[in-house]
Amino acid sequence: MNDSDRGAGHAARPKRADARRNKETLLDAAAAIFVTSGVEAPIRDIAAKASVGTATIYRHFPTRADLIIAVYRHQIETCAEAGPALLTNADSPFAALRQWVDLFVDFLVTKHGLANALQSDSSGFDALHAYFLDRLVPVCAQLLDAAVNAGEIRPGTHAYELMRGIGNLCIGHDSDPRYDPRRLVELLLQGLQRPQSS
C-alpha cells in the first residue's frame, strides 16, 4: 500500500465516524427534549440542544416520524448496551438493575408519543415493538438473574412482566403532570428486594 492509498483510507474513516457521532448527538438531544416536552416538541428546540441548525436535522430525518423512529431505535440500543456495562460498574447487581430501570423509564416516557406519530403505519410500529422486545427482555433478564444470584431480590420475577409493569406505571405521565412514575417504579423495585437480615 502506498502513502496515497493509506491517506485515502484514513480520510474516509474519520469522516464516517464523525458523521455517526453527529447523528448520535442529534438523537440524544431529541430523546432528551422528547422526555421533557413530548414527541411534538419544536424541531428548533432539538436543534438548539444539539447545537446545530434545523436544516441539519431535516437532512438526516426528513419527517418527524423518521426522527421519532430513529430516537426510539437509538434508545433501545442505549438501554440494551447499558445493561452489561452497569452490571460491570455498579456497586451491586440490584444497583445496576435500578440504574437500568431509570434509563428504561426515560425511554418509555419518550415512547408513549410513538403510537400517535405512527398512526398511519401500524406495521412499522409492530416491527419496532418486536425489536424492542428482542433487544431489551434478555438484558432485563440478565440483570434480574444477577440480582437473584447475589441474594438481593426474590426469585420468580420474569423480565417481560417487570418491563410491562413498569410500562403500565409510566402511562399516566402523559396526561397528568402531577404524576411521577419514577416514585411508583421505585416502590415496585423495593418490593422485589429480599428483607435484609438484622
Side-chain angles (χ1 to χ4, degrees), residues 18-83 85-86 96-137 139-140 162-189:
D18 287 347
R20 189 170 58 249
R21 272 194 303 274
N22 292 342
K23 193 170 181 180
E24 287 178 2
T25 298
L26 281 180
L27 293 173
D28 287 337
I33 294 291
F34 288 170
V35 167
T36 57
S37 305
V39 295
E40 295 302 323
I43 294 297
R44 68 179 174 275
D45 292 355
I46 297 167
K49 186 160 187 69
S51 301
V52 298
T54 55
T56 301
I57 294 180
Y58 286 118
R59 188 168 59 249
H60 286 287
F61 311 105
T63 69
R64 183 174 292 272
D66 293 333
L67 176 61
I68 293 168
I69 289 169
V71 168
Y72 184 84
R73 292 183 72 92
H74 178 63
Q75 286 188 296
I76 289 172
E77 286 308 309
T78 299
C79 276
E81 291 166 7
L86 289 169
L97 175 65
R98 180 178 268 142
Q99 291 172 43
W100 186 83
V101 165
D102 200 45
L103 290 173
F104 185 57
V105 169
D106 278 348
F107 167 75
L108 291 175
V109 170
T110 304
K111 174 182 173 286
H112 281 133
L114 183 70
N116 291 336
L118 299 178
Q119 278 175 346
S120 62
D121 185 11
S122 62
S123 65
F125 181 80
D126 291 345
L128 283 172
H129 186 67
Y131 179 67
F132 159 81
L133 293 176
D134 289 347
R135 291 293 284 138
L136 296 188
V137 170
V139 175
C140 185
L162 176 63
M163 291 168 61
R164 184 73 187 258
I166 292 168
N168 288 339
L169 289 174
C170 289
I171 289 171
H173 177 76
D174 283 348
S175 56
D176 185 353
R178 298 168 301 171
Y179 177 70
D180 180 10
R182 289 183 194 283
R183 199 173 72 78
L184 292 178
V185 169
E186 178 59 26
L187 289 173
L188 174 62
L189 291 178

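Residues: numbered from 1 along the sequence shown. Just so you know, these numbers come straight off a predicted model, no measurement behind them.
Under the 3.5 Å distance criterion, the side-chain polar atoms of W100 are left unmatched by any main-chain donor or acceptor of A82. Judged by distance alone, the side chain of D106 and the main-chain N or O of L103 form no donor-acceptor pair under 3.5 Å. With hydrogens and angles ignored, the 3.5 Å screen pairs no side-chain donor or acceptor of S37 with any backbone N or O of F34. Between the side chain of R182 and the backbone N or O of V105 there is no donor-acceptor pair closer than 3.5 Å.
Taking CG from D180 and SG from C170, the interatomic distance works out to 9.5 Å, rounded to the nearest 0.5 Å. In this structure, NZ in K49 is found 11.5 Å from OG1 in T25, a value given to the nearest 0.5 Å. Atom CG of L108 and atom SG of C79 lie 8.0 Å apart (nearest 0.5 Å). For the atom pair CG of L26 and NE2 of H74, the computed distance is 10.0 Å after rounding to the nearest 0.5 Å. Here CZ of R44 is found 10.0 Å from OG1 of T54. Values are rounded to the nearest 0.5 Å. Between L27 atom CG and N22 atom CG the span is 11.0 Å, to the nearest 0.5 Å.
Considering every non-hydrogen atom in both I33 and D45, the closest pair reads CD1-O, 4.0 Å. Heavy atoms only, all atoms of each residue included: L128 and I76 are closest at O-CD1, 4.3 Å.
Here the side chains of F132 and R73 are not in contact, with every heavy-atom distance at 4.5 Å or above. Q75 is listed as a side-chain neighbour of V71, based on a closest heavy-atom distance under 4.5 Å. Looking at heavy atoms from C-beta onward, I46 lies in side-chain contact with L67 at the 4.5 angstrom threshold.
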Handout entry: Residue pair T56, H60: steps toward the side-chain contact (heavy atoms from CB on, under 4.5 Å) verdict
Key = CA-CA 7 Å; T56 301; H60 286 287; 4.0 Å; yes

Practice task
Test side-chain contact (heavy atoms from CB on, under 4.5 Å) on Y179 and L169 and set out the steps.
Solution key: CA-CA 10 Å; Y179 177 70; L169 289 174; 4.1 Å; yes

Exercise for the section: Step by step, work out the side-chain contact (heavy atoms from CB on, under 4.5 Å) result for L188 and L162. Expected result: CA-CA 9 Å; L188 174 62; L162 176 63; 3.8 Å; yes

Handout entry: Trace of the side-chain contact (heavy atoms from CB on, under 4.5 Å) decision for R64 with I43
Key = CA-CA 9 Å; R64 183 174 292 272; I43 294 297; 3.9 Å; yes

Practice task
Kindly determine whether D66 and T63 satisfy side-chain hydrogen bond (donor to acceptor under 3.5 Å, both in side chains), including the steps that lead there.
Solution key: CA-CA 5 Å; D66 293 333; T63 69; 3.0 Å; yes

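Exactly one residue among V139, D134, L133 makes a side chain to side chain contact (heavy atoms under 4.5 Å, CB included) with V137. That residue is L133.
Aromatic pair Y72/F107: ring centres closer than 6.0 Å.
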